[in-house]
Undergrad: 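One structure follows; several queries about it will come next.
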Amino acid sequence: MIALVWGSVAVAGDVGVGGYFRVMARPDLQGGIGRLGYWNLYGRLMNEGPYGMLDLRYDVLAPEPGSNTPWTSVHARIEGGSIANLDPGNGTLTAFRLSQMYVQGGNVLLDHLTWQLGTLEYYFGDLGLYDMRPATLFAGTGGVSATYRTDAADLLVGFGDSGFSLRGLRYDAVPTVGGAARVRAGRHLELGVGGELRVESSVLGNVNAPYQTPDLTYEDWIRGEVLDQYVQDYGEDLLDYFPAPEPRSATSYAVIGQLGFGNAGPLRWNNLFVRWERRHPDPSTTETGYGQTVELWVHDFTDQRYSFVIGDEAELRLIPDRLDLAIAGIWGDDRDLDNQIVPSAFDRTWGSTVARLQLYPASTFHFLAETSLAREWSRNGNTYREHRDSIFANTDGRPDTRGLEVGDADVRHTWQGKAGIVLNPLGPGIYVRPSLRFLYGVQYSSQNNAFGNSFVETVDQYSDFDTVEQHLHHLVAIEAEVWF
Amino acid sequence: MVVLLLASCLKPAPPTAAASPVPVSVAVVLASYDHPEVTPAPDRVDDAIAAELTRRNLVPTTVEVGPPFTAARSTDARLTLLPDGARLLVECAPRFDAQVNGRYRWTVAVDATIDAGRGSTGASRAFSVPVHLSYDHEREPEALSDAAPIGAREIGRLLDDWVASGAGAASTD
């Protein structure tokens with residue numbers, strides 16, 4: 001009777017295999033490691049290394065088109081960034097991990113409802129020019145989620161534990177709850193909001209729970225002089241009575257948003273993503289001295305790290321099947337309210353804009369040109385060396401062996417330009433893959449040698465190698481990229 | 001670079017063409033895993049399939065896909081909805097797989113069936129085409145549209161086999 005009502009019987013055993021990889025050869029004749037700049041802020045093109053991903057799906061009970069019979073599938077994903085002959089790891093499997101594994105079940109209890117048990121990562125969309133996904137939830141959570149999906153709206157709720165992703169071998173439970181909702185108005189507009197909350201409770205006696213060592217100062221901790229200060233205050237004989245940590249609970253959260261619009265004239269689509277996050281506190285660090293290693297619990301020094309990211313990308317068909325443009329911008333503001341003294345990756349602003357043009361003189365033969373402009377600012381002082389003989393440790397630009405700043409500038413400006421030929425077997429489209437690319441790239445940076453390199457920086461007269469000053473970095477590349 | 005340019009000038013082998021024009025009724029059915037109804041395919045898909053037919057001296061006539069195709073749940077039942085004579089039925093079912101490195105991976109399952117009319121022995125070809133959409137709001141029509149180049153090529157191979165078997169000529173007798 002059920003088969004007559006719902007139609008044909010579902011089948012088991014269907015297998016789907018897909019994935020992604022990018023490979024490249026970029027011989028770097030300027031002493032670099034084969035990447036044009038430091039990171040994707042300048043656009044993903046020529047700034048990323050090799051990558052491989054294999055995504056597997058097995059249908060325990062396959063869904064049937066036009067039917068709402070229950071279905072179940074198992075998913076697994078292996079991915080990593082090392083491929084033989086293309087990076088220093090030379091394809092080592094230690095660079096790969098089983099990044100996702102989950103079971104999905106659909107039309108169980110309710111039509112259009114899909115359950116997911118296992119890893120739960122979910123994102124609203126992608127800034128393709130940057131390979132960044134600011135509006136992501138549950139990136140480190142394992143648990144259960146339920147997604148109700150219709151043409152007009154999606155609703156996702158999830159619950160799980162982020163303890164292993166945050167604490168690793170020193171696991172402590174970090175229950176995580178969150179959700180996302182997105183509505184669509186026809187084919188031209190969609191709006192999404194979401195968030196997640198992570199709470200790590202105080203557990204007396206659990207060495208992996210959050211704590212704070214009392215009577216520490218932030219500066220002593222940053223300088224690695226906690227033990228020195230303690231001995232100065234109380235004497236070395238009392239090191240055995242170093243204060244015990246006080247229990248804490250740790251909370252972090254993320255709020256995400258998305259606004260998408262398009263399918264109008266030349267605008268294929270525009271996506272705006274927003275993320276506001278309070279980072280999860282760190283548990284502890286260690287300091288060694290006076291013949292012993294002491295663990296310093298630092299919840300209070302790391303519990304006020306906030307991050308705000310806003311990014312936008314538009315894809316336009318300027319001349320259909322002849323000329324496309326993708327343009328994107330991103331801006332991030334990272335603030336550490338506990339840190340007022342040392343330059344840090346948690347205390348800076350960064351932003352850029354990237355534009356890519358692709359011209360199609362023939363269906364499979366394209367020309368590509370891309371440019372980007374970026375600015376990065378360190379809130380707590382100098383962190384960039386602009387010249388081969390720039391100072392190292394300093395305070396406000398004055399040499400100071402106890403200075404917490406490095407270099408002679410708190411701002412880095414970077415411009416990149418790339419151009420070349422693209423062969424796309426499947427025809428026109430900036431994001432059509434597979435692509436074979438033959439590219440030339442150039443970078444100008446205010447920082448000296450602003451790319452991965454093996455140059456010595458010391459000005460020691462006894463060094464066997466001299467320092468190098470260069471602000472222009474040139475690179476040629478042969479690349480292939482495919483989703484399959 | 002010169003070699004690549006010269007290679008782009010190489011022409012593929014011509015398809016197997018019918019000796020004389022053969023009219024073929026064509027229906028391209030787009031099914032969904034989220035809805036019970038079937039819908040017509042995007043124009044890009046119809047155009048790509050029509051081009052493959054035309055290259056083989058087969059004259060396509062598009063059959064409108066409507067509610068009767070939803071009610072007819074099997075291939076044989078849907079074939080009866082096409083006019084008698086040579087008929088090509090292409091049943092497409094895009095299915096969302098997963099978010100993969102910024103893209104939305106869909107697999108488009110295609111079942112293509114061609115015969116010379118009622119009572120004739122036809123030929124069929126089943127295959128799947130993976131596509132990677134860029135945006136979440138893109139669904140079955142966009143997935144099928146992206147699969148059109150590869151899908152049309154596979155259907156072309158089916159047509160080559162059918163024409164070579166002589167079934168195409170038999171349909172005009």
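Protein chains get the first letters and strands the later ones, always in sequence-line order, with residue 1 at the start of each.
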Undergrad: Could you please state which residues from residues 90-101 of chain B sit under 4.5 angstrom from chain A, measuring non-hydrogen atom to non-hydrogen atom, sorted by number, or 'none'?
TA: B:Ala93, B:Arg95, B:Asp97, B:Ala98, B:Gln99, B:Val100, B:Asn101
Undergrad: Using a cut-off of under 4.5 Å on heavy-atom pairs, state which of A:Asp151, A:Val432, A:Asn263 scores highest against chain B.
TA: A:Asp151
Undergrad: Picking from A:Val17, A:Asn271, A:Asp131, A:Thr150, which has the most non-hydrogen pairs under 4.5 angstrom with chain B?
TA: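 Winner by heavy-atom pair count: A:Val17.
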Undergrad: About how many Å separate NE2 of A:His188 and NE2 of B:His137, when rounded to the nearest 0.5 Å?
TA: 9.5 Å
Undergrad: Counting only heavy atoms not in A:Arg184, do more than 12 fall under 6.0 Å of its CZ?
TA: yes
Undergrad: Return the option, out of B:Ala109, B:Ser32, B:Ser128, B:Ala31, with the maximum number of heavy-atom pairs under 4.5 Å with chain A.
TA: B:Ser32
Undergrad: Check whether B:Thr107 gets within reach of chain A through its side chain, its backbone, both or neither, counting any heavy atom under 4.5 Å.
TA: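 Interface part for B:Thr107: side chain.
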Undergrad: Would you say that more than 12 heavy atoms from the other residues, nucleotides or ligands in this model lie under 6.0 Å from the CG of A:Leu267, or not?
TA: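 Result for CG/A:Leu267: enclosed.
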Undergrad: Is the backbone N or O of B:Gly102 less than 3.5 Å from a side-chain atom of A:Tyr123, with the two atoms forming a donor-acceptor pair by type?
TA: yes
Undergrad: Indicate yes or no for a side-chain donor-acceptor contact from B:Arg105 to the backbone of A:Phe484 under 3.5 Å, with no hydrogens or angles considered.
TA: yes
Undergrad: What closest approach, in Å, do A:His112 and B:Asp34 show between heavy atoms, and which atom pair accounts for it?
TA: CE1-O, 2.9 Å
Undergrad: In terms of heavy-atom proximity below 4.5 Å to chain B, should A:Asn107 be classed as side chain, backbone, both, or neither?
TA: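 Neither part; nothing is under 4.5 Å.
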Undergrad: A side-chain contact here means heavy atoms from C-beta on lying under 4.5 Å apart; do B:Arg103 and A:Tyr431 qualify?
TA: yes
Undergrad: Give, as side chain, backbone, both or neither, the part of A:Val482 having an atom under 4.5 angstrom from any heavy atom of chain B.
TA: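 For A:Val482, neither part sits under 4.5 Å from chain B.
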Undergrad: Is there any residue in residues 140-153 of chain B with a non-hydrogen atom under 4.5 Å from a non-hydrogen atom of chain A, and which ones are they?
TA: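 The stretch touches chain A at B:Glu142, B:Ile150.
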Undergrad: Could you check whether any side-chain heavy atom of B:Glu138 comes within less than 4.5 Å of a side-chain heavy atom of A:Trp269, counting everything from C-beta outward?
TA: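 Of all side-chain heavy-atom pairs linking A:Trp269 with B:Glu138, none is under 4.5 Å.
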Undergrad: Flag the pair B:Asp136 / A:Gln258 as yes when at least one side-chain heavy-atom distance between them is below 4.5 Å, and no otherwise.
TA: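 Contact flag for B:Asp136/A:Gln258 side chains = no.
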Undergrad: Measure distances from A:Tyr102 to the heavy atoms of chain B and classify the residue's part below 4.5 Å as side chain, backbone, both or neither.
TA: side chain
Undergrad: Side chains of A:Glu190 and B:Tyr135 only: does a donor on one sit below 3.5 Å from an acceptor on the other?
TA: no
Undergrad: Check whether A:Phe124 gets within reach of chain B through its side chain, its backbone, both or neither, counting any heavy atom under 4.5 Å.
TA: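 A:Phe124 touches chain B through backbone heavy atoms alone.
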